[in-house]
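Below is one structure, written out as structure tokens; the observations come after it.
Excluded from the calculations below are hydrogen atoms, water molecules and symmetry mates; all remaining heavy atoms, backbone and side chain alike, are included. Order of listing sets the numbers, starting from 1, for every ligand and every atom in it.
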Amino acid sequence: MSRVVPPDADGVRRAVEILRADSVVAFPTETVYGLGANAFSRQAISEVYRLKNRPSWNPLIVHVASVEAARELTAEWPAVADKLAARFWPGPLTLVLRRAAHLAGVGADNDTIAVRIPAHEVALRLLEASGLPLAAPSANRSESISPTTAGHVVRSLPDVPLVLDGGPCSWGIESTVLDLTTEVPTLLRPGALSLRALRDVTGAIALRDAETADGAARPSPGMSRRHYAPRAKVILTPDVREADRSRLAAPAAILTYEGSALPSYRQPTEPGTGTAVITSGQPEVVEVLSADPAEYAADLYAALHRLDDAGVATILVQEPPRTEDWLAVRDRLTRAAA
Ligand code: AMP
Ligand code: MG
């Protein structure tokens, strides 16, 4: 039997069986593919950590089908959580709240829990059919690129018991993580949902990551510095035209976006069409993504997967603008380059 199955009634039934037997299942969400486990099962949770080779200090996000189910996992549910849930759930926003006393660790030794309702029809059907909260990090080996297709999942996790194939993820970048246990809500991870949209509801948001203030690369506490990384070495550069290529491992590739300049002897490809090998001048692979940060984000991991598949040794990345709209993309690129 194939491990990658369509998310029809039979596929979901098989997935539920596996989840109820304390094993794990990969499923699509609107952000990236998740590796789901019954959040109440220590055995299933440890299987997630083992398959991903995820460090035990990195906690998991729990996915639920309703606000009621989210509240049951928490000890405190502030008014702002209600407002955020009403506006953005289902959607790519994860809230960190005080954890309910009856919930023993979903992987971390703290007293908080991260929850969200995913906006993906397959994920919601799986949550409803299983009746379980599902702890689900991205379905890839720790530190590597997150999967945005079922194919990415099996390549990164060949031992995964089952993958529900829901096609490519629409957002293609992880959820925004907002901590509501601090006096002022604190951004723990920039993501698919913009800060501007959040501030509309919460007012001021504290930023934990200095990279957000001045663009300088800094590790953000509680999150690993190196993450989202392809096999190739990633080098962020303010101008790909000026980068000194003589000391870069070959073959090198360029990852840039529409409207930003390319070295003159290179022709850009159509955005989102994949990889082009330019043979005039130095052979080089070029990926041109959208100049719109959300569209760029949606294609980023797929582009990094394509470049890895093309066997490039170095990826020269044109730094995106240092504006708030590019926060999540800059965060992922900085970690990929760490
Ligand atoms: P991933 O599931 O790999 O997309 O990553 C989950 C993210 O959520 C990580 O950055 C975690 O550090 C963060 N996270 C999950 N649970 C918590 C929590 N209880 N407190 C703070 N951050 C959390
Ligand atoms: Mg991940």
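With respect to the salt-bridge test (charged N to carboxylate O, under 4.0 angstrom), the residues Arg335 and Asp331 qualify.
In Asn58, the part holding a heavy atom less than 4.0 Å from any atom of ligand 1 is the side chain. With a 4.0 Å heavy-atom cut-off, ligand 1 is reached by the backbone of Thr112 and by its side chain too.
Nearest heavy atom pair, residue Gln318 against residue Val240, reads OE1-N, 3.0 Å. Heavy atoms only, all atoms of each residue included: Ala129 and Val12 are closest at CB-CG1, 3.9 Å.
Every atom of ligand 1 with a heavy atom of Arg189 under 4.0 Å away is listed here by number and element: 1 (P), 4 (O), 5 (O), 6 (C), 7 (C). In summary, the atoms of ligand 1 found under 4.0 Å from a heavy atom of Ala114, numbered by their order in the structure, are 15 (C), 16 (N), 17 (C), 19 (N). Those atoms of ligand 1 that come under 4.0 Å of a heavy atom in Val96, given as number and element, are 20 (N), 21 (C).
Closest heavy-atom approach to atom 14 (N) of ligand 1 among the candidates Ser138, Ala135, Pro59, Ala139: Pro59. Closest heavy-atom approach to atom 21 (C) of ligand 1 among the candidates Ile173, Leu188, Ile61: Leu188.
No donor-acceptor contact under 3.5 angstrom links the side chains of Asp325 and Thr323, judged on distance only.
Evaluation of the side-chain hydrogen bond (donor to acceptor under 3.5 Å, both in side chains) rule for Arg54 yields Asn58 as partners, not counting sequence neighbours. The side-chain contact (heavy atoms from CB on, under 4.5 Å) test applied to Ala294 returns Asp292, not counting sequence neighbours. For Ser41, the side-chain contact (heavy atoms from CB on, under 4.5 Å) criterion is met by Asp22, Asn38, Gln43, Ala44, not counting sequence neighbours.
Between Trp57 and Tyr49, the distance from one ring center to the other does not fall under 6.0 angstrom.
Arg54 counts as a contact of ligand 1, since one of its heavy atoms falls under 4.0 Å from the ligand.
From Thr176, atom OG1 reaches atom CG of Leu95 across 10.5 Å, with rounding to the nearest 0.5 Å.
For the Mg ion (ligand 2), the count of nearby protein N/O/S atoms, taking only those under 2.8 Å, is 1.
Formation of a donor-acceptor pair under 3.5 Å by the Glu287 side chain with backbone atoms of Leu255 is not found in this model.
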